[in-house]
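Here is how names work: the chains are called A, B, and so on, in the same order as the sequence lines, proteins then strands, and each is numbered from 1. On a predicted model such as this, the values are computed, not experimentally measured, just so you know.
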Amino acid sequence: MGVEFGVPLSEIATSNTHGEDSPYFAGWKAYDEDPYDAVSNPSGVIQMGLAENQASFDLLENYLEQHPETSCCQGSGISSFRENALFQDYHGLKTFREAIASFMEQVRGGRAKFDPDRIVLTAGATAANELLTFILADPGDALLIPTPYYPGFDRDLRWRTGVRIIPAHCHSSNGFQITIKALEDAHAKAVAANVRVRGILLTNPSNPLGTAITRSVLEEILDFVVQKDIHLISDEIYSGSVFSSAEFASIAEIVEARGYEDSDRVHIVYSLSKDLGLPGFRVGTIYSYNNRVVTTARRMSSFTLVSSHTQKMLASMLSDREFTENYIKTNRERLRERYEYIVEDLKNAGIECLQGNAGLFCWMNLGPLLEEATRERELSLWKLILLEVKLNISPGSSCHCSEAGWFRVCFANISKQTLDVALWRIKAFVEKSNARKPQA
Amino acid sequence: MTRALPLDSDDADDHSAPPRSHAGGSVAGAGSGGGGTAMRIIVPLQGVVQGRGGLVLGSLIPCALFYFLQLYLKRNRPSSPSPSPPSPSPSSSNLSELSAIPRSLSRGLISPRGSSGRASLSSRGAAIARPDDCPYYIGFKRCVDDPYHPSSNPDGIMQLGLAENQLSLDLVRDWLESNLKESFPGDKETGGLSIRGLATYQPYDGLMDLKMAMAGFMGQVLQGSVSFNPSQIILTAGATPAIETLSFCLADPGNAFLVPSPYYPGWNRDIKWRTGVELIPVPCRSTDNFNISIAALDRAYNQAKKRGVKVRAVLVSNPTNPVGNILSQETMYGLLDFATEKNIHLISDEIFAGSTHGSNKFVSIAEVLDAEGFDRSRVHIIYGLSKDLSLPGFRVGVIYSYNEHVLAAAAKLARFSSISATTQWLLVSMLSDTKFISEYLEINRERLRKMYALFVGGLKRIGIECTSSSAGFYCWADMSKFIRSYSEKGELKLWDKLLNVARINVTPGSACHCIEPGWFRCCFTTLTEKDIPVVVERISRITESH
């Protein structure tokens with residue numbers, strides 16, 4: 001694709017590497033054009049392809065209403081406003097970093113410590129992941145990513161950086177858990193193709209699976225990266241969305257347990273977009289145990305700073321322990337309830353989901369509905385569900401899943417009423433499909 | 001082109017001058033500022049090459065050159081190459097000099113602080129991780145570490161290196177205090193706060209409400225002479241990502257922009273760093289009052305072509321930074337003609353558009369385009385609220401383009417640098433209050449005018465002349481008569497004295513790629529009137545000793 005006439009543009013501007021031709025995004029578009037509304041558009045597309053958490057907005061609303069000082073200017077005097085308006089230091093507001101460090105510790109049940117001076121702020125986790133990729137890899141190098149993975153990575157990690165992604169395939173036979181064999185295979189593939197692997201990127205808990213990686217697997221992965229002398233990026237953006245705190249092990253805990261041995265290759269990405277439901281605020285962080293990565297990331301964050309106004313506002317909120325403890329607890333419970341509700345309901349209709357324990361979505365298996373277990377059939381099914389059933393769910397193939405028929409279904413961004421409508425539609429569709437199938 | 005040391009310098013034996021190029025710069029950048037000094041070598045060389053100059057010059061000059069060349073190369077050889085681990089990848093040639101860095105022995109087991117790094121970074125990351133060696137940033141840091149305060153730290157360093165406007169912050173603050181409730185979008189049903197409008201994912205390139213308010217604001221800044229279209233606006237978290245994003249859209253790695261110099265030092269990082277785009281300075285001369293010469297642009301374009309480098313755009317600032325000129329309409333026509341002839345882009349960074357204090361009227365490239373029939377698809381404007389509205393902390397930048405493909409690409413790239421929704425809503429209210437904005441702009445200009453006059457007057461009294469500038473937060477001061485050797489090194493020595501003896505941070509022209517030594521950018525908008533005599537007195541300590 002290029003511009004035939006007019007002033008020439010760069011490869012980046014004209015190429016297809018933006019990866020937005022995938023169903024993942026096409027579904028959104030369909031939703032944007034025909035969004036479901038219980039009253040005004042009951043036959044519209046229901047959005048279940050967007051991992052947004054709206055389950056606990058009321059808590060946030062109450063807080064902000066009760067704490068007007070969260071806005072940067074009230075009663076604070078000229079010197080305070082002045083400082084805030086002028087503050088563009090890429091170190092970020094100390095109070096804000098301290099608040100985030102504390103919040104990250106709370107999310108991990110106090111099982112790991114975070115040093116505020118190792119926190120680099122970025123405008124969202126999207127920027128954090130891209131920054132790390134720029135820093136850790138050169139154009140043409142590769143990152144290994146276990147599948148299935150967040151479709152946005154194809155765009156965010158590759159687009160401007162020129163870095164490649166090599167999938168490490170996981171399978172339903174063991175619940176899609178990551179195995180060293182999968183990593184070894186992917187690594188060998190890179191070597192054979194003359195491509196240098198610079199690191200592994202994990203999402204823990206996983207998107208789209210909705211499962212937390214077990215401690216023993218994390219230990220193995222850390223050993224693997226040490227052995228290969230590569231980096232480990234752990235995107236823990238959903239760490240606060242694990243239904244039960246005890247079931248989540250952060251790489252930070254493992255690093256600490258090892259006395260920070262080999263920690264210089266470990267980097268954690270976090271954000272307030274999922275756990276706190278504040279994607280609009282654009283707050284992401286890189287936490288690295290590597291001093292030079294911290295320094296470099298900080299400098300590079302010049303391209304993606306968080307508004308000082310927002311930092312100040314959120315610093316108050318995140319430092320309020322009473323609020324955060326209650327929020328984390330309540331949020332977990334609501335997500336778990338929602339998850340169990342959906343999974344139970346789907347099960348009654350004969351639809352299985354992966355046993356999950358985290359996240360804003362469930363990993364649903366519609367494999368039995370496919371005549372052939374192929375990507376093409378999965379996409380036809382996806383299109384059918386989108387256009388006829390009017391549900392936007394994300395096909396596993398856009399997440400590079402090695403097995404056809406899996407779909408990610410987001411549940412935290414819609415009301416219970418809407419969810420019921422969606423479930424009803426799915427069940428009706430499945431019944432219809434089963435009726436159509438020739439009986440064995 | 002390597003920077004050989006000047007032969008006629010008193011300081012020829014002193015090799016301690018910091019290298020010119022910024023830490024993130026590529027090798028190509030290293031010689032880019034060397035025009036002036038190189039000239040002093042080339043001219044005598046021409047004589048030798050042509051067989052004139054006799055035996056003495058004929059043998060002495062080449063020997064001297066050879067000697068200095070060896071010294072230069074020795075000084076600039078990449079540090080301790082460590083054998084890279086055997087790797088089949090083509091990228092392995094991007095040696096990380098880092099693999100040999102020793103682990104920190106003082107690392108405690110309890111501390112979360114990791115070791116100094118054995119796992120290697122990308123070659124980009126490595127270059128970036130090196131300490132800053134550009135005066136522009138060194139001065140900054142010194143100021144931060146030891147800031148002047150009239151009572152609590154009178155010996156601290158005064159900040160004249162930061163183009164920030166604090167003159168009218170009180171106006172903004174007052175407004176915010178009386179309009180607090182507008183900080184969040186209201187929920188029409190309940191009348192309370194509506195967090196849904198804030199917290200959920202928003203368009204990455206900015207809320208349409210803010211684009212509309214911004215278009216209106218930009219129009220007000222230009223006093224109604226241009227009407228901006230909100231659909232041609234991409235909002236980014238500051239002008240820094242705006243210019244970088246635009247660069248990604250317009251040029252591939254290895255391509256170049258022509259940039260009339262002196263220019264804003266930040267561009268070296270903002271544009272060259274991750275995009276791999278080269279910046280070619282095109283020197284402007286004091287004899288021209290540092291105005292842009294189309295002929296010089298043309299020469300630079302051809303030189304680049306000879307080198308096999310593809311020029312993709314001309315980048316100018318208007319009002320200019322660091323000089324403070326306003327581009328004439330004639331110059332703008334010239335730029336548009338030039339860009340059209342070469343089929344390249346024109347980027348106009350107009351971030352100081354509302355910060356004019358002189359009698360010349362500011363004309364935006366947008367106004368020129370409106371009037372004439374140029375191909376607009378090659379024109380792009382950078383703007384933001386860091387200067388005109390003194391809100392650098394809020395991170396608000398604008399790409400304004402007439403090219404739909406650029407807009408489409410930039411809108412996607414904006415995901416990496418979006419403005420916080422809550423900040424956007426706050427600004428929608430503020431920018432839509434046209435009465436406030438109008439008063440603000442007028443009062444601000446008045447204050448700038450006053451400070452400019454006082455400051456320039458103060459400098460004049462101690463024998464320092466400034467160019468007559470019409471805009472910006474700074475003046476462009478000629479301190480060449482106070483430097484010992486008329487060279488970049490001499491200038492840096494003076495800069496060093498100003499910083500460490502006079503304790504003021506100003507930006508040396510060499511950091512801005514000015515080829516005439518001795519010019520300094522002095523920002524006055526972080527000072528109060530009382531500070532001016534203090535600054536003048538301190539500078540005079542240096543100048544009087546000459």
Heavy-atom distance under 4.5 Å to chain A: side chain of B:I243, backbone, both or neither?
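Interface part for B:I243: neither.
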Got a sec, which residues hit salt bridge (Lys or Arg N to Asp or Glu O under 4.0 Å) with A:R164, two or more places apart in sequence or on another chain?
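Partners of A:R164 under the salt bridge (Lys or Arg N to Asp or Glu O under 4.0 Å) test: none.
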Does any part of the side chain of [Y], heavy atoms only, come nearer than 4.5 Å to the side chain of [X], both counted from C-beta?
{"X": "A:R299", "Y": "B:R269", "result": "no"}
{"X": "B:F416", "Y": "A:L131", "result": "no"}
{"X": "A:D156", "Y": "B:R415", "result": "yes"}
{"X": "B:R274", "Y": "A:M300", "result": "yes"}
{"X": "A:R160", "Y": "B:E244", "result": "yes"}

Apply ring-ring contact (aromatic ring centres under 6.0 Å, His included) to B:F257 and list each qualifying residue two or more places apart in sequence or on a separate chain.
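Not a single residue meets the ring-ring contact (aromatic ring centres under 6.0 Å, His included) criterion with B:F257.
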Exam field: side chain B:S417 to backbone A:T304, donor-acceptor pair closer than 3.5 Å:
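Pair absent, no side-chain N/O of B:S417 close to backbone of A:T304.
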Euclidean distance, [Y] [atom2] relative to [X] [atom1], rounded to 0.5 Å:
{"X": "B:L426", "Y": "A:M313", "atom1": "CG", "atom2": "CE", "answer": "8.0 Å"}
{"X": "B:T245", "Y": "A:F303", "atom1": "OG1", "atom2": "CZ", "answer": "9.0 Å"}
{"X": "A:R155", "Y": "B:L413", "atom1": "CZ", "atom2": "CG", "answer": "10.5 Å"}

Which pair of heavy atoms, one from A:S308 and one from B:F394, lies closest together, and at what distance?
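For A:S308 and B:F394, the tightest heavy-atom pair comes out as OG-CD1, 3.6 Å.
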Identify the two heavy atoms, one from B:P241 and one from A:S302, that lie closest to each other, and give their separation to 0.1 Å.
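What the structure gives for the nearest pair is CD-O, 4.2 Å.
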Are B:T423 and A:T310 close enough that a side-chain donor and a side-chain acceptor fall under 3.5 Å?
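Yes, a side-chain donor-acceptor pair sits under 3.5 Å.
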What class does the angle between the rings of A:F134 and B:F248 fall in, given that below 30° is parallel, 30 to 60° is tilted and above 60° is perpendicular?
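Ring orientation of A:F134 relative to B:F248: tilted.
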